[in-house]
J.: 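The structure's right below; bear with me while I get my questions together.
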There are 2 protein chains.
Amino acid sequence: NLVDTPDGLKLGGEKREVTVLMADLRGFTSLSERLPAESIVDMVNIYLGVMTEVIQRYMGTINEFIGDAILAFFGAPVQRDDDAMRAVRCAVEMQLAMRQVNLRYEEAGYPRVKMGIGINTGFAIVGNIGSSIRSKYGVVGMLVNITSRIESYTVGGQILISETTRNACREQLRIDDEIRVLPKGVSHEMTIFDVGGVYGDQPLLLAEKSSEPLVTIAPLP
Amino acid sequence: NLVDTPDGLKLGGEKREVTVLMADLRGFTSLSERLPAESIVDMVNIYLGVMTEVIQRYMGTINEFIGDAILAFFGAPVQRDDDAMRAVRCAVEMQLAMRQVNLRYEEAGYPRVKMGIGINTGFAIVGNIGSSIRSKYGVVGMLVNITSRIESYTVGGQILISETTRNACREQLRIDDEIRVLPKGVSHEMTIFDVGGVYGDQPLLLAEKSSEPLVTIAPLP
């Protein structure tokens with residue numbers, strides 16, 4: 001289960017700059033209490049299959065599936081200039097790929113779902129983590145915990161990124177909103193950004209978020 | 001990475017009663033910010049190696065390592081009468097095995113650490129979860145989230161179990177404390193129990209928790 005790495009890379013653990021991406025299906029745990037077990041496992045597997053393909057296309061390293069949650073990172077084992085940028089583009093593609101996931105759900109008679117994604121950039125420890133029997137190339141540190149907190153602020157369909165991720169992006173992002181948060185375990189308020197897409201040479205954009213109410217209420221006669 | 005299972009077991013996902021055990025090194029993430037990366041990965045690997053051996057001895061299924069966190073369950077793929085009991089005995093052995101972990105840390109010049117364990121029993125969905133490329137026999141559902149919450153209430157050295165786990169245990173437990181909590185995502189208060197050991201034919205006990213203050217303050221002259 002180890003990742004092949006170029007010669008000279010220390011697998012024993014090293015601190016390096018990575019961009020961590022966490023995603024999950026919002027509200028899926030409650031849903032899992034109401035649907036048949038077979039449907040739930042099928043839903044998770046369809047979703048993870050589609051997202052794995054997208055993450056691999058953007059050269060992300062998948063660390064972990066935890067139920068319907070995905071933990072991936074960019075920048076290890078191989079560091080590239082555009083790690084943060086690829087992570088953000090990957091997230092936009094993942095949100096776009098939810099259309100495909102929900103189409104397959106519809107065919108199978110499952111309910112529609114929405115995904116939230118949190119992204120954070122900074123230093124973390126990467127290396128082969130585990131016991132002699134099961135070891136895996138993974139990431140450890142406060143950066144991961146904070147990414148998880150950022151992701152927990154998402155509502156379905158959202159991509160929230162930290163300021164460090166935003167600053168590490170070379171291309172212009174479409175920022176739909178800016179939120180001040182104080183995650184548990186963090187000593188100061190952070191600004192996180194709701195990303196609607198990436199401009200640049202190859203624009204990749206989500207549908208504009210509507211400011212209209214979801215339900216139109218007819219005026220009283 | 002699939003688990004071999006007896007004929008007829010549905011791998012597509014089924015709802016069944018399991019006992020979930022979650023453990024982590026309390027305060028380890030903050031520690032990981034202060035120590036060299038090599039030391040942190042070495043510490044995690046020593047700890048996971050020792051705990052894997054204990055969990056396997058008690059026939060637990062390890063689902064996941066997430067950094068220094070362990071997610072294991074008892075009761076799938078094979079259900080046994082004493083699933084909850086084995087989980088609790090396993091937890092006591094794990095706490096006892098921390099002595100061995102800390103001895104190895106001391107030899108290597110690492111700081112001592114303490115582990116917290118949360119245990120919960122109930123229905124969850126088990127099956128092979130993942131994409132076609134990476135699939136794993138795992139557990140999904142609210143039960144896992146609540147176990148994670150229970151574990152988050154622990155201080156180092158503690159084992160906290162839910163009432164359902166306590167009720168599923170055939171042998172008498174040493175209960176050192178009883179705590180009322182309202183975990184996020186749960187509609188009602190729960191009682192959780194601080195387990196100090198198991199009596200029965202083969203007693204397995206942690207050191208008595210001292211009611212003495214940690215620091216003795218000399219009376220004023």
Side-chain angles (χ1 to χ4, degrees), chain A residues 1 10-16 28-33 35-53 55-56 62-71 123-136 138-146 148 185, chain B residues 1 10-16 28-33 35-53 55-56 62-71 123-136 138-146 148 185:
Chain A
N1 216 345
K10 280 182 289 184
L11 288 184
E14 46 174 346
K15 193 163 282 187
R16 49 199 283 181
F28 189 74
T29 306
S30 329
L31 195 69
S32 76
E33 301 297 304
L35 293 182
E38 294 79 1
S39 308
I40 288 298
V41 170
D42 194 34
M43 286 177 82
V44 172
N45 291 352
I46 287 171
Y47 157 75
L48 293 178
V50 169
M51 295 310 156
T52 297
E53 192 278 318
I55 294 168
Q56 289 182 331
I62 295 174
N63 184 349
E64 209 64 89
F65 300 140
I66 309 133
D68 63 301
I70 300 171
L71 169 58
F123 281 85
I125 295 165
V126 292
N128 280 317
I129 294 163
S131 61
S132 53
I133 308 166
R134 54 191 286 158
S135 178
K136 199 170 35 184
V139 60
V140 177
M142 191 62 82
L143 185 78
V144 181
N145 299 33
I146 297 172
S148 169
Chain B
N1 216 346
K10 281 181 288 183
L11 289 183
E14 46 174 346
K15 192 163 282 187
R16 50 200 283 182
F28 190 74
T29 305
S30 331
L31 195 70
S32 76
E33 301 297 305
L35 293 182
E38 293 80 359
S39 308
I40 289 299
V41 171
D42 194 34
M43 286 178 81
V44 173
N45 291 353
I46 288 171
Y47 157 75
L48 293 178
V50 169
M51 295 309 155
T52 297
E53 192 278 318
I55 295 168
Q56 288 181 331
I62 295 174
N63 183 349
E64 210 64 89
F65 299 141
I66 309 132
D68 62 302
I70 300 171
L71 169 58
F123 281 84
I125 294 165
V126 292
N128 280 317
I129 294 163
S131 61
S132 53
I133 308 165
R134 55 191 286 158
S135 178
K136 199 170 36 184
V139 60
V140 177
M142 191 60 83
L143 185 78
V144 180
N145 300 34
I146 297 171
S148 169

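Lettering of chains follows the sequences in order, A, B, ..., and the numbering in each one begins at 1.
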J.: Among B/G130, B/G141, B/G185, which residue forms the greatest number of heavy-atom pairs with chain A at distances under 4.5 Å?
T.: B/G130
J.: Select one option (side chain, backbone, both, neither) describing which atoms of B/I129 are under 4.5 Å from chain A's heavy atoms.
T.: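 Both parts, backbone and side chain.
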J.: Would you say that A/V41 contacts B/N128 through its side chain, given a criterion of any heavy-atom pair below 4.5 Å between the two side chains?
T.: no
J.: In terms of heavy-atom pairs under 4.5 Å, which option from B/V139, B/I66, B/I133, B/V140 contacts chain A the most?
T.: B/I66
J.: Using non-hydrogen atoms only, which part of A/Q56 is less than 4.5 Å away from chain B: side chain, backbone, both, or neither?
T.: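 For A/Q56, the contact with chain B is made by the side chain alone.
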J.: Heavy-atom distance under 4.5 Å to chain B: side chain of A/N145, backbone, both or neither?
T.: side chain
J.: Looking at CE of A/M142 and OG of B/S32, how far apart are the two atoms once the value is rounded to the nearest 0.5 Å?
T.: 6.5 Å
J.: Rounded to the nearest 0.5 Å, what's the gap from CG on A/N45 to CD1 on A/I40? Could you check?
T.: 11.0 Å
J.: Nearest 0.5 Å please: distance from the CD atom of A/E64 over to the CD atom of B/E64.
T.: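 Here the interatomic distance stands at 3.5 Å.
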J.: Got a second to check how far B/S131's OG is from A/I70's CD1, nearest 0.5 Å?
T.: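 Spacing of OG (B/S131) from CD1 (A/I70) equals 9.0 Å.
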J.: For A/I62, which atoms come within 4.5 Å of any heavy atom of chain B: side chain, backbone, both, or neither?
T.: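 Both parts, backbone and side chain.
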J.: Check each atom of A/N63 against the heavy atoms of chain B and say whether the ones under 4.5 Å are side chain, backbone, both or neither.
T.: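 Backbone of A/N63 only, per the 4.5 Å heavy-atom cut-off to chain B.
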J.: Heavy-atom distance under 4.5 Å to chain B: side chain of A/T52, backbone, both or neither?
T.: side chain
J.: Say you draw a straight line from CZ of A/F65 to CE of A/M51; how long is it, rounded to the nearest 0.5 Å?
T.: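 So the gap between those two atoms works out to 11.0 Å.
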J.: With a 4.5 angstrom heavy-atom cut-off, could you sort out which part of A/L35 is near chain B: side chain, backbone, both or neither?
T.: backbone
J.: Less than 4.5 Å apart, side chain to side chain, heavy atoms only: is that true for B/E33 and A/F123?
T.: no
